[in-house]
Amino acid sequence: MIDLRTLREDPDRLRASQRARGEDDAVVDTLLDLDERRRSALTRFESLRAEQKSFGKSVSKAQGEEKAALLARAKELAAEVKAAEAEAEALGAELDELMQTVPNIVDEDAPHGGEDDYVVLETCGQPRRFDFEPRDHLALGELLDAIDMERGAKVSGSRFFFLKGVGARLQLGLLNMALQQAIANGFTPMITPVLVKPETMQGTGFHVAHDKEIYRLPEDDLYLVGTSEVSLAGYHAQEILNADELPLRYAGWSSCFRREAGSYGKDTRGIIRVHQFDKVEMFSYVRPEDSREEHRRLLAWEKEMLDALELPYRVIDTAAGDLGMSAARKFDCEAWIPSQGRYRELTSTSNCTEFQARRLAVRFRDKDGKPQHVATLNGTLATTRWIVAILENHQQADGSVVLPKALRPYVGLEVLEPPK
RNA sequence: GGUGGUGUCGCCUAGUGGCCGAGGGCGCACGCCUCGAAAGCGUGUGAUGGGGCAACUCAUCCGUGGGUUCAAAUCCCACCACCACCGCCA
């Protein structure tokens with residue numbers, strides 16, 4: 001949620017942001033008008049209510065006929081108060097509903113434009129030259145008896161899979177390595193709920209009612225998270241944190257669930273795009289003025305992981321039109337995928353500034369003792385998809401895969417070999 | 001799933017329709033006292049929104065949401081969380 005007071009003082013900022021995202025900036029005028037009407041309705045209600053309260057006093061003191069007369073007037077007043085309150089509430093609800101649909105104000109440094117208008121910030125490592133025809137990750141996964149898509153589909157449908165044997169070990173090792181790195185960098189490891197209440201989902205910036213990505217359990221009014229970011233953002237909801245405990249950094253380990261509606265026919269082979277995967281996610285609560293620096297730190301930690309795994313990748317600065325609801329800026333790291341001859345997203349780090357905190361009411365006390373919203377940020381440290389890059393980039397002609405040194409102790413193997 | 005109990009300002013607690021427009025204690029902050037501190041004494045002590053340059057002021061908030069009433073922390077209903085016991089089950 002954006003800040004209403006900022007909007008009143010500087011509506012052009014939101015207009016510019018909306019245009020950068022390629023969205024309608026007329027919403028600004030609608031918001032301002034609604035806000036104005038709500039405030040005057042609220043003032044009307046409040047003065048009526050004050051009158052009612054003082055009037056009620058005289059009723060309790062009066063006796064006999066006088067009391068009866070006062071009671072009659074009091075009843076009228078009560079009705080007026082009720083009507084005024086209802087009006088203020090209705091306008092408040094209307095405003096709130098509209099506010100819920102307004103995305104975060106984008107960072108002015110974010111590139112303008114849509115999905116293809118990203119800016120490549122840097123390229124790290126060189127795509128490897130193969131002296132044989134490299135296999136794709138699924139061919140390797142099947143050869144290694146590590147990935148079983150067919151039985152995944154049998155049991156759960158398309159885009160589900162089993163990780164088996166060295167595949168299971170690889171994922172556990174990878175995620176554990178990520179978690180250990182996070183711990184070394186001061187993060188508190190967390191294993192989070194994967195089912196959350198609607199207000200948690202909504203507060204993080206996902207539309208429970210409209211988002212096509214979300215799995216729902218309507219009978220229980222619970223929602224499967226697409227990332228532990230959701231649970232970690234909700235973790236401190238409704239709290240006022242101590243300024244001296246910031247920044248708070250959590251590393252969440254969870255399964256993630258995505259419906260992938262509308263991506264029919266895209267990435268249908270293998271585990272690039274699946275309904276359920278596992279992820280270690282970094283999540284930071286910081287002072288708003290520290291959020292840009294923290295964003296760079298998260299990016300640096302992502303790169304540390306990718307470097308340790310000896311993967312060639314590039315870093316892109318996502319354009320405004322391709323940012324999610326909550327993000328003011330987003331950097332993605334994309335690893336080279338030899339079988340596709342292109343870079344694919346492995347990590348994504350977003351600076352959500354105070355947007356999520358405002359919705360979830362996560363605050364801290366500033367120097368003057370006043371509560372202020374924190375800024376929240378998130379970034380990927382490892383996911384199931386990374387297996388794709390590891391298998392493909394480190395494969396050998398016989399289908400075996402030489403694990404990068406840093407990963408070996410976590411997997412307990414140096415080379416993944418096809419079973420005899 | 002069932003039965004019973006509990007839910008008040010950071011913590012503990014008072015409060016069974018108007019004197020609660022929430023009292024007290026602890027904690028915390030400031031002041032007095034002191035060479036300094038402790039103790040003691042005094043003052044203050046939340047959130048949200050509206051108005052105001054400001055001191056300030058008005059409204060809302062007693063788990064959440066409804067309802068009854070001129071008036072609700074207090075009465076009624078539903079829900080949630082926690083505790084205890086019972087039943088069922090990885």
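All figures in this text were calculated on a predicted structure; none of them were measured in a lab. By convention in this document, chain letters (A, B, ...) are assigned in the order of the sequence lines, proteins followed by strands, and residues within each chain are numbered from 1.
- A gap of 31 Å separates the C1' atoms of B/G52 and B/A71, to the nearest Å.
- Separation of the P atoms belonging to B/C79 and B/G4 is 13 Å when rounded to the nearest angstrom.
- Look at the P atom in both B/G66 and B/C58: the space between them is 26 Å, to the nearest Å.
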In residues 174-199 of chain A, what donor-acceptor pairs under 3.5 Å come from side-chain atoms, sequence neighbours left out?
residue: A/N176; atom: OD1; partner: A/Q180; partner atom: NE2; Å: 3.4
residue: A/Q181; atom: OE1; partner: A/M305; partner atom: N; Å: 3.4
residue: A/Q181; atom: NE2; partner: A/W301; partner atom: O; Å: 3.1
residue: A/N185; atom: OD1; partner: A/W301; partner atom: NE1; Å: 3.4
residue: A/N185; atom: ND2; partner: A/Q181; partner atom: O; Å: 3.2

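- Using the Watson-Crick or G-U wobble rule with both distances under 3.5 Å, B/U34 pairs with nothing in any strand shown.
- With a cut-off of 3.5 Å on both pairing distances, the Watson-Crick or G-U wobble partner of B/A81 is B/U6.
- With a cut-off of 3.5 Å on both pairing distances, B/A54 has no Watson-Crick or G-U wobble partner at all.
- Residue A/R44 is classed as having no contact, given no heavy-atom separation below 4.0 Å to the nucleic acid.
- You'll find that the side chain of A/I240 is closest to B/A47, out of B/G49, B/A47, B/U68.
- Whole-Å rounding puts the A/E46 CD to B/U60 P distance at 8 Å.
- Per the geometry, CG belonging to A/D96 stands 12 Å off P belonging to B/G49, to the nearest Å.
- One C1' atom belongs to B/G49, the other to B/G44, and the distance between them is 24 Å to the nearest Å.
- The interatomic distance linking A/H373 (NE2) with B/G49 (C1') rounds to 13 Å, in whole Å.
- In this entry the distance linking NZ of A/K197 with C1' of B/A81 reads 8 Å, nearest Å.
- With the nearest nucleotide of RNA chain B identified for both A/P371 and A/T43, A/P371 has the one nearer the 5' end.
- Under the Watson-Crick or G-U wobble criterion, with both distances below 3.5 Å, B/U16 has no partner in any strand shown.
- With B/U48, B/G51, B/U60 as the candidates, the nucleotide lying closest to the side chain of A/F45 is B/U60.
- Using P as the reference atom, B/G23 and B/C9 are 13 Å apart when rounded to the nearest Å.
- Rounded to a whole Å, the CG atom of A/D220 is 14 Å from the C1' atom of B/G1.
- Between A/E150 and A/K154 no salt bridge is recorded (no basic side-chain N to carboxylate O distance below 4.0 Å).
- Look at B/U74: it lacks any Watson-Crick or wobble partner with both distances under 3.5 angstrom.
- B/G49 atom P lies 21 Å from atom CZ of A/R37, rounded to whole Å.
- Here, B/G17 and B/G1 have their C1' atoms 37 Å apart, quoted to the whole Å.
- OP1 or OP2 of B/G49 sits under 4.0 Å from a side-chain N or O of A/R5.
- Below 30°, between 30° and 60°, or above 60°: for A/F160 and A/H275 the angle between ring planes is between 30° and 60°, a tilted geometry.
- A sub-4.0 Å separation between OP1 or OP2 of B/G49 and a side-chain N or O of A/R39 is absent.
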Query raised in the report: Hey, mind stepping through A/Q202 and A/H207 against side-chain contact (heavy atoms from CB on, under 4.5 Å) and telling me if it holds?
Result: CA-CA 6 Å; A/Q202 200 78 20; A/H207 283 295; 3.3 Å; yes
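- What separates CD of A/E199 from C1' of B/A81 is a distance of 13 Å, to the nearest Å.
- Across the strands present, B/G21 finds no partner; the criterion is a Watson-Crick or G-U wobble pair with both atom distances under 3.5 angstrom.
- Side-chain contact of A/K279 with A/S228: a donor-acceptor pair under 3.5 Å is absent, judged by distance alone.
- At the heavy-atom level, A/R8 lies under 4.0 Å from the strands shown only through sugar-phosphate atoms.
- Taking a pair to require two hydrogen-bonding distances under 3.5 Å in either a Watson-Crick or a G-U wobble arrangement, B/C28 pairs with B/G44.
- The separation of B/A81 from B/U64, taken at their C1' atoms, amounts to 10 Å, rounded to a whole angstrom.
- One can place CD of A/E89 at 12 Å from C1' of B/G66, the figure rounded to the nearest angstrom.
- Distance noted for atom C1' between B/A14 and B/C20: 11 Å (whole Å).
- The existence of a salt bridge linking A/R151 and A/D148 is confirmed by a sub-4.0 Å separation between a basic side-chain nitrogen and an acidic carboxylate oxygen.
- Note that CG of A/L170 and CG of A/L403 are 6.0 Å apart. Values are rounded to the nearest 0.5 Å.
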